[in-house]
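Below, chain A is the first sequence line, B the second, and so on; all start at residue 1. Not measured: the values here are computed from a predicted model.
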Number of protein chains: 2
Amino acid sequence: MQPIKPEKKQFENYQMVLSADCVVFGFDAGDLKVLLIQANEIPFVGQWSLVGDLIDPKEDIDEAANRILKDLTGLSKVYLEQVHTFGKIDRHPNDRVVSIAYYALVKIEDCVFDKASQKRNASWHSIKKIKTLAFDHNEILDHCYLQLKNQIQRYPIGLELLPPQFTLTELQALYEAILGEVLDTRNFRKKILSTNLFVDTGLLQKGVAHRPAKLFKINQEKYFKNGG
Amino acid sequence: MQPIKPEKKQFENYQMVLSADCVVFGFDAGDLKVLLIQANEIPFVGQWSLVGDLIDPKEDIDEAANRILKDLTGLSKVYLEQVHTFGKIDRHPNDRVVSIAYYALVKIEDCVFDKASQKRNASWHSIKKIKTLAFDHNEILDHCYLQLKNQIQRYPIGLELLPPQFTLTELQALYEAILGEVLDTRNFRKKILSTNLFVDTGLLQKGVAHRPAKLFKINQEKYFKNGG
DNA sequence: TCAAAAGTGTTCTTATTACACCCATGG
DNA sequence: CCATGGGTGTAATAAGAACACTTTTGA
């Protein structure tokens with residue numbers, strides 16, 4: 001075995017471009033939403049697309065995804081999970097760009113779009129109404145959405161989409177929006193409360209024309225102990 | 001919104017190198033094994049490492065993983081699943097190399113190592129005995145092994161590691177090796193047979209000094225219908 | 001006839017599903 | 001007092017876990 005001295009030129013013919021694309025999920029008005037912006041690359045100019053950017057060679061890939069989110073929403077401690085890497089040869093029209101897909105869970109009301117994002121019409125779109133996206137972003141979206149569905153049934157990550165205090169009805173609506181099916185209220189509550197990840201704040205909803213719901217919050221200690 | 005005409009130079013500063021690394025699982029003598037070769041890159045020369053190679057910019061990433069396996073084992077229709085992309089800045093000592101990790105399931109007896117692999121001592125290592133690997137390959141291995149454990153409990157992919165005909169005891173041994181725990185024989189058989197993915201060939205083991213076991217095979221029709 | 005692994009059912013426990021009425025508030 | 005959504009328990013079913021003995025072969 002002859003050790004090969006690794007020199008830059010060894011890699012010369014293997015250079016390509018990496019991007020990180022994020023499916024940013026939010027929840028509002030009983031609807032699961034995804035953050036989209038308008039593409040600015042030919043031939044997709046003006047078409048809706050996921051948010052993404054090229055990864056700098058000096059940058060960790062997870063940090064790149066975080067940077068993209070921070071730039072776009074102003075949020076820095078966001079739930080972010082790598083899902084899959086998409087690398088078909090012709091997925092990008094002008095160059096070989098391999099994309100690492102992430103999904104993020106954010107609270108919509110905390111987002112503040114920067115000017116660049118505003119120019120590109122950054123906005124929330126109900127997942128049920130999303131049509132054709134730029135590039136292979138429909139495929140990426142489908143993959144990430146499926147991953148979210150699977151994860152929500154194993155881990156209490158749904159909390160990342162809700163404000164600090166929420167009612168169990170809101171929580172159920174969130175699960176129903178993500179899973180795309182209606183759940184039995186009693187069974188849902190039984191299961192959710194049996195995890196002890198949710199604690200009653202003792203507070204009640206106000207100003208609603210019906211029996212006010214109890215407000216719950218995360219059991220911080222238990223949530224973070226389980227690596228939430 | 002001004003459309004940006006994408007030109008090569010736009011991407012000039014974002015070039016990096018992509019590799020595919022494969023955790024190749026095999027099963028032999030009741031043991032889950034992983035195919036390793038000796039690294040030939042400073043400072044890891046001679047250390048055990050996963051099999052991998054750089055991805056050519058003209059090559060689909062999944063095809064690259066398949067090519068690596070084909071070159072190494074001679075096998076071309078291998079169960080292969082992308083797991084995760086590893087992109088810490090310093091994971092490769094001499095350049096920025098981002099690695100897409102795959103795991104593969106192969107039948108050990110079908111593998112034929114080519115000369116290059118032989119030179120680098122391609123060989124099967126019990127997963128229980130694997131120590132320090134080159135690069136960040138321990139991390140990659142752990143990730144892929146965990147993924148395999150999860151998948152085996154949902155899908156009957158274990159078959160990919162067994163010869164065309166096998167006994168239920170062998171199948172159980174495989175599950176136990178992967179999961180790292182002993183299973184109850186009666187419950188295991190009940191569950192496995194209830195899937196109808198396995199059919200009795202009517203044949204028996206020969207030449208064993210005990211009651212010969214029935215030989216089973218895959219229910220092809222059902223297996224492939226479920227996207228196996 | 002012995003050693004060694006193959007093969008087989010039932011009971012208990014736990015998790016999941018299905019289902020209907022009363023409660024508290026604002027208007 | 002009515003409309004609206006909040007909140008609660010029990011019974012039935014299904015899935016998973018625990019457990020021990022008989023069978024068939026080669027040596």
[N] [atom2] sits how many Å from [X] [atom1], rounded?
{"X": "R186(A)", "N": "dT10(D)", "atom1": "CZ", "atom2": "C1'", "result": "9 Å"}
{"X": "L193(A)", "N": "dG6(D)", "atom1": "CG", "atom2": "P", "result": "15 Å"}
{"X": "R189(A)", "N": "dT10(D)", "atom1": "CZ", "atom2": "P", "result": "17 Å"}
{"X": "F188(B)", "N": "dC19(D)", "atom1": "CZ", "atom2": "C1'", "result": "18 Å"}
{"X": "I192(A)", "N": "dT8(D)", "atom1": "CD1", "atom2": "C1'", "result": "17 Å"}
{"X": "L171(A)", "N": "dG7(D)", "atom1": "CG", "atom2": "C1'", "result": "15 Å"}
{"X": "H210(A)", "N": "dT4(D)", "atom1": "NE2", "atom2": "C1'", "result": "6 Å"}

Whichever of L168(A) and L204(B) has its nearest DNA chain D nucleotide further upstream toward 5': L168(A)
Closest-nucleotide 5' rank along DNA chain D - winner of N187(A) and Q205(A): Q205(A)
Interface limits on DNA chain C, where chain B has a heavy atom under 4.0 Å of a nucleotide atom: dA3(C) to dT10(C)
Nearest-nucleotide 5' precedence on DNA chain C, G207(A) against K191(A):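 It is K191(A), whose closest nucleotide lies nearer the 5' terminus.
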Check: dT25(D) base within 3.5 Å donor-acceptor of K206(B) side chain: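 Checked by distance alone, the answer is no.
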Min side-chain heavy-atom separation P156(A)-T195(A) under 4.5 Å: no
Within-4.5 Å side-chain heavy-atom neighbours: T169(B) and R189(B): yes
Sugar-phosphate only, base, or nothing, as touched by K190(B) at under 4.0 Å among non-hydrogen atoms: base
Which atom pairs, donor and acceptor, lie under 3.5 Å between side-chain atoms of residues 71-78 of chain B and protein residues at least two apart or in another chain?
residue	atom	partner	partner atom	Å
T73(B)	OG1	L69(B)	O	2.7
T73(B)	OG1	L75(B)	N	3.1

K222(B) backbone acceptor or donor facing N219(B) side chain under 3.5 Å: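 Side chain of N219(B) to backbone of K222(B): a pair is present.
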Backbone of A177(B) reached by a side-chain donor or acceptor of D31(B) within 3.5 Å: no
Shortest non-hydrogen contact between I89(A) and E59(B), atoms and distance: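 What the structure gives for the nearest pair is CG1-C, 3.7 Å.
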Plane angle bin for F25(B) and Y145(B) - parallel if under 30°, tilted between 30 and 60°, otherwise perpendicular: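 Correct class here is tilted.
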